[in-house]
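First the structure, in the form of structure tokens, and then the observations on it.
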Amino acid sequence: MGDETPLSLLIAELAADRRWREPEAFFSRADAMDRLDLYLVGVEPGDSRDSAERLIEAMEAIDSVFYDDLRERVRRGEGGAALSPWIRTEVLPGQHYDALDALLADLLAIDEPEIDSASLPPEMVRYQPSPARHIVDGIRRARISAGDVVLDLGSGLGHVPMLVHLLTGARTRGVEREVVYVDCATRAASALALAEVTFIAADAREVDLAGVDVFYLFTPFLGTVLRDVLARIEAEAARRPVRVVALGPCARTFARMPWLYCDDPDPSATDRIVVFRSRP
Ligand SMILES: C[S@@+](CC[C@H](N)C(=O)[O-])C[C@H]1O[C@@H](n2cnc3c(N)ncnc32)[C@H](O)[C@@H]1O
């Protein structure tokens, strides 16, 4: 009992617990690997270190098979079915991330490039991905389906267009001003054979909005930039019905637009998805 350490106790716990060996238990494995890495700091070579490293290798090997299988199913067009075990109908508000984000991060395998946020023009918001459960909630609330064309304004690394397409079959696009983000998103979509998902490197004020049914915005910009983009969406809404799916403070701006209506009890909510529809 004398040489029990946090690392040796964790190794014993994981050796006795078979659950992390289930292929679908990627979240338990991620958590266990984080804890092992933490407890390994400063541990000298020896039995405990060897056991911990063997456990990490075993977990990585299971993850690798699990994600290869998931990617293969996505490439075969079975993305919706492959992801369905992790899709929840109850959606917690707030900005935190959960198991679905971890799954998506490994599935899409996007390396986030370094961007100098200091060079961000005024009124434009730096990259932060929408928590995946909100994207799922947006699909449900806006009733996005295979016949829709969806545009994410300020699409960052492309999670929204990719997940929306995977879950609905809709044609999806992203417009993003950072070219390196667009390159990463395009590579990820192409590696998963998502031919109906495209990304454009442009300012959202200049991109072609023709044919778009659903506009998604996770508060990508504020002030006059948001006002200019809003005016362009309003011009599209004069031609056909459109839906606006908003997350974050931009919902307050949409809530003030007389050409939009919203049946949400709180159209200015900023910690969850709010859906607006153009008036006929
Ligand atoms: C808060 S992030 C949202 C990312 C993504 N839509 C999501 O929900 O996961 C905002 C993104 O908008 C981009 N952005 C800001 N201003 C923009 C503009 N004028 N035109 C295009 N993209 C812009 C930023 O570079 C950033 O990647």
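Atoms within each ligand, like the ligands themselves, are counted from 1 in listed order. Index from 1, following the sequence.
The protein non-hydrogen atom at the shortest distance from atom 23 (C) of ligand 1 is Arg177 CG, 3.6 Å. Of the protein's non-hydrogen atoms, the one nearest atom 9 (O) of ligand 1 is Ser130 N, 2.8 Å. Among all non-hydrogen protein atoms, the one lying nearest atom 3 (C) of ligand 1 is Gln128 O, 3.4 Å. In terms of protein heavy-atom proximity, atom 24 (C) of ligand 1 is nearest to Val125 O, 3.2 Å. The nearest heavy-atom contact from the protein to atom 13 (C) of ligand 1 is Glu176 OE1, 3.2 Å. The protein non-hydrogen atom at the shortest distance from atom 1 (C) of ligand 1 is Phe218 O, 3.3 Å.
At under 3.5 Å, a nitrogen or oxygen of Ala204, whether backbone or side chain, sits near a nitrogen or oxygen of ligand 1. The N/O atoms of Arg126, backbone and side chain alike, include none that comes under 3.5 Å of an N/O atom in ligand 1.
Val182 and Val212 sit in two unconnected hydrophobic clusters of ILVMFWY residues. Membership requires side-chain heavy atoms under 4.5 Å apart, directly or through other members. Met33 and Leu104 are members of different hydrophobic clusters when ILVMFWY side chains are connected at heavy-atom separations under 4.5 Å. Val197 is connected to Ile139 through a chain of hydrophobic side-chain contacts under 4.5 Å among Ile, Leu, Val, Met, Phe, Trp and Tyr, so both are in one cluster.
Interface atoms of ligand 1 facing Tyr216, defined by a heavy-atom separation under 4.0 Å, are 8 (O). Near Met124, with a cut-off below 4.0 Å to any heavy atom, the atoms of ligand 1 are 15 (C), 16 (N), 17 (C), 18 (C), 19 (N). Within the listing of ligand 1, atoms 19 (N), 20 (N) sit less than 4.0 angstrom from a heavy atom of Asp203. Taking a cut-off of under 4.0 Å to the non-hydrogen atoms of Ala202, the atoms of ligand 1 that pass are 20 (N), 21 (C). For ligand 1, the atoms sitting less than 4.0 Å from at least one non-hydrogen atom of Gly156 are 27 (O), numbered in the order shown with element in parentheses. Close contacts of ligand 1 with Val160, meaning ligand atoms under 4.0 Å from a residue heavy atom, involve 7 (C), 8 (O), 9 (O). Those atoms of ligand 1 that come under 4.0 Å of a heavy atom in Asp152, given as number and element, are 5 (C), 6 (N).
Panel note: side chain Arg177, backbone Gly154; no donor-acceptor pair is recorded below 3.5 Å.
Residue pairs that meet the side-chain hydrogen bond (donor to acceptor under 3.5 Å, both in side chains) test with at least one member in residues 105-115, sequence neighbours left out, are Tyr67-Asp106. Listed by first and then second residue, the ring pair (Phe, Tyr, Trp, His ring centres under 6.0 Å) pairs involving residues 159-186 are Tyr127-Tyr181 (not counting sequence neighbours).
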Salt bridge (Lys or Arg N to Asp or Glu O under 4.0 Å), that's the test. Do Glu178 and Arg126 meet it? Break it down for me. CA-CA 10 Å; Glu178 295 287 359; Arg126 72 174 177 80; over 6 Å; no

Start with the C-alpha distance between Asp63 and Arg29, add both sets of side-chain angles, then the distance that settles side chain to side chain contact (heavy atoms under 4.5 Å, CB included), and finish with yes or no. CA-CA 8 Å; Asp63 269 354; Arg29 284 193 295 280; 2.7 Å; yes

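Atom CZ of Arg21 has more than 12 heavy atoms from other residues, nucleotides or ligands within 6.0 Å. In this structure, Arg75 places its CZ atom where more than 12 heavy-atom neighbours from other residues, nucleotides or ligands lie under 6.0 Å away. Other residues, nucleotides and ligands contribute more than 12 heavy atoms inside 6.0 Å of the CG atom of Asp34.
At a 4.0 Å cut-off, not a single heavy atom of His159 sits close enough to ligand 1 to count as contact. Not a single heavy atom of Glu123 lies less than 4.0 angstrom from ligand 1. By the 4.0 Å heavy-atom criterion, Pro121 is excluded from the residues contacting ligand 1.
Using a cutoff of 4.0 Å between basic side-chain nitrogens and carboxylate oxygens, Glu236 and Arg239 are scored as salt-bridged.
When Pro220, Gly154, Pro129 are ranked by how near their heavy atoms come to atom 5 (C) of ligand 1, first place goes to Gly154.
Residues Phe26 and Trp20 place their aromatic rings such that the two centres sit no closer than 6.0 Å.
Contact annotation for Arg205 and ligand 1: no heavy atom of the residue comes within less than 4.0 Å of the ligand. The proximity of Phe221 to ligand 1, defined as any non-hydrogen pair under 4.0 Å, is limited to the side chain.
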